[in-house]
Amino acid sequence: MKKSIKFLTLLTAAVTLLLPGCKDPNQELPQGGLEAKINSINITNAGLSGGDIVSGTVDNTNFTVTFADVPAETNIAAIKFSAKMSLGAKLEKDVLDMTPAEGADPSKLSGELKVVNSVTDSKGKEQKVEQAYAVTVTLKAAQAAPVLEKLVIKDDQGTEREITPANIIEGILCLGIPESSTAEVVSVKLSPARASYTFTTATDGVINASNPGVFVMDFMGLTAEYNVSFQASPAPGAAWDKAVVHDFSVVTNHRYMDFDEEFTRGGDFDGEYVLIANRTAPKLLRVADLLADNASNPIALDLTGVEGGTHTVSAGRLTQGHVYLCNLSVGCSSEEPLKVYHYATPTAKPDVVLAWDGTGLPLPDYLEPDDYPNGYYYNGRIGDNLSIALDESGNGYAFFFKQEADNKYFRFTVRNFTEFSDPVELALPAISNYYGMMNPVGPNQYLFTSSYVAQMWLMDADGNKQLEVEWTKTPDGHNSAHACDPRVIEFNRARYVMLMNARRYTWWAVEGVNVYDISEGNDIVSALVKLQEHLDYDPDEPVEGVTPIEPCYYYNMDSETISQACSALCNCAVVDGKLLIFCAAPHVGFALIEVPSAAF
């Protein structure tokens, strides 16, 4: 037995000598000594999803690690690293919080990674080496607005409710607590995690149902915002029964003085300013002032170089933050050209962007060239009205409609806000004169009507009629047959058409704005078809599904004075989640009507 044991011991020793790969790793140091170096490294949880991989650059002379163009949406409070290192080495920590200190550059992050390596020799003695690497992370510009992951609120009974992206409907954050008077914000989780948020009307984290405000998220300058509703599913459209009228008209005996007579026939509104195109003193009124019922702080438009014409100022419009005025010429010519003035800002000096003498018109198809050997031209009255529709780059059209009973109008191409060119005479579907106005409602779609016609036409920029609506008196006596300035309103998932009545004769409807709900139909064409069906309603010959229509909102401004200048103006804008409506007419004055969303 002892011989067997002795033989087995000798055999084991021999095998150990023949197989060096099976030696005890603690018996000697790796060849070249113990190292703690990084060979390559990645961030493994980059991006909004936390699944992007970004490679870094290693400098083993200065012991630095650099990452460039890391997505800004990365969770910088827990950046995870994965590295290939010296044999046996490992990262002391593979997750770093690289949140910058307050006031530091938020796109330049710094931290430290430590590599450690150790070995224990045959005598039980540990040998250990460490190497620190300075880590620099440069974030790219933010690419995505923040998103809500989870919001926890508490109603006025103390019951908590969890809100997720599924509760965001058509840009509205629906809290789903319609019976509660308040909502206490318990917690908010956003992505990216370091995005900030605010509830604009909350006090100490409590939102009041009477004024729920807006939920705003911000991440490095990219924002997302949602109107807040206590409803589970918000009602569409405007809450017309809650309209607040800021009146500067005969209704309250506070008629704005520029409308006392007929010296103001043009104007506009864009949500920030009201334009009063008074013949001698054109000006802007700040909407913020008007909402405080203050019209005593006007911005007088500079009139440097504004001269010429029967009236130097006749009409005006606002578009894309720019102001346009035009003169009135009763005999368009080189001696009395139609002029358009452009203001880049409310306080800028005007540029003369058009001085048209009536020439340069292409010969219409209905005329014979032999009758116009010197070219076709216009020498009649022009400038009673101005319609202008430009995109954000300042490209589009300006329109002028004749004063005399005719169906012709003039269109100018506009580029870069200031370049007016290519005048052309076009034809309306029927005779219409004086205060015609044409406003955009869609791509190459415009609504036109005039105070002298009972029709409203949907047309393209070349005057091709797509649809006609004929206004008739409603059962309750409302009538838009002599209205001006047709506008289509898109607000809170509802669609409306709005016009302002003008009044030249006593038998015309009183001055006032009428708003009709045309939410039926999947586009403006089908919506106007449905509108005409409702206007044509005949109780003696009922049609299934067709009912009479009345304005969903109206505001009458009866001056008890007929106006030879039968102009009327209206426009709208959405400001702070509310619909604002501007309406005005000579002898009447104007009003700014504030209508909240029905969703709240």
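Computation of the quantities below employed the complete heavy-atom set of this structure, encompassing side-chain atoms and omitting hydrogens, waters and symmetry-equivalent molecules. Given the structure is predicted, the values throughout are model-derived calculations rather than measurements. Along the sequence shown, the residues carry numbers beginning at 1.
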Check: Trp240 ring centroid to Tyr555 ring centroid under 6.0 Å: no
Pair Tyr435 and Tyr452, ring centroids less than 6.0 Å apart: no
Sub-6.0 Å ring centroid separation between Phe417 and His322: yes
Any side-chain donor near an acceptor of the partner, Asn395 and Ser393, under 3.5 Å: no
Smallest separation among heavy atoms of Asp485 and Leu569, with atom names: OD2-CA, 3.5 Å
Ser559 and Glu511: side chain donor to acceptor below 3.5 Å: yes
Tyr537 atom OH: more than 12 heavy-atom contacts under 6.0 Å: yes
Heavy-atom donor-acceptor pair, Arg503 side chain to Thr506 backbone, under 3.5 Å: yes
From CD (Glu404) to CG (Asp384), nearest 0.5 Å: 9.5 Å
Plane angle bin for Trp508 and His482 - parallel if under 30°, tilted between 30 and 60°, otherwise perpendicular: parallel
List the atom pairs, donor and acceptor, that lie under 3.5 Å between side-chain atoms in residues 546-554 and the rest of the protein, sequence neighbours left out.
{"from": "Glu550", "atom 1": "OE1", "to": "Thr474", "atom 2": "OG1", "distance (Å)": "2.6"}
{"from": "Glu550", "atom 1": "OE2", "to": "Thr474", "atom 2": "OG1", "distance (Å)": "3.3"}
{"from": "Glu550", "atom 1": "OE2", "to": "Asp476", "atom 2": "N", "distance (Å)": "2.7"}

Side-chain donor-acceptor contact under 3.5 Å, Glu262 with Gln564: no
Ring geometry between Phe448 and Phe401 (parallel below 30°, tilted from 30 to 60°, perpendicular above 60°): tilted
Glu533 and Val543, any side-chain heavy atoms less than 4.5 Å apart: no
Aromatic ring pairing Phe400/Phe412, orientation class (parallel under 30°, perpendicular over 60°, tilted between): perpendicular
Plane angle bin for Phe399 and Tyr409 - parallel if under 30°, tilted between 30 and 60°, otherwise perpendicular: tilted
ring-ring contact (aromatic ring centres under 6.0 Å, His included) partners of residues 370-390, not counting sequence neighbours, each pair once: Tyr372-Tyr376, Tyr378-Phe410
Sequence neighbours left out, cut at 3.5 Å: what donor-acceptor pairs do the side chains of residues 592-600 make with other protein atoms?
{"from": "Glu594", "atom 1": "OE1", "to": "His246", "atom 2": "NE2", "distance (Å)": "2.9"}
{"from": "Ser597", "atom 1": "OG", "to": "Asn492", "atom 2": "ND2", "distance (Å)": "2.9"}
{"from": "Ser597", "atom 1": "OG", "to": "Ala599", "atom 2": "N", "distance (Å)": "3.0"}

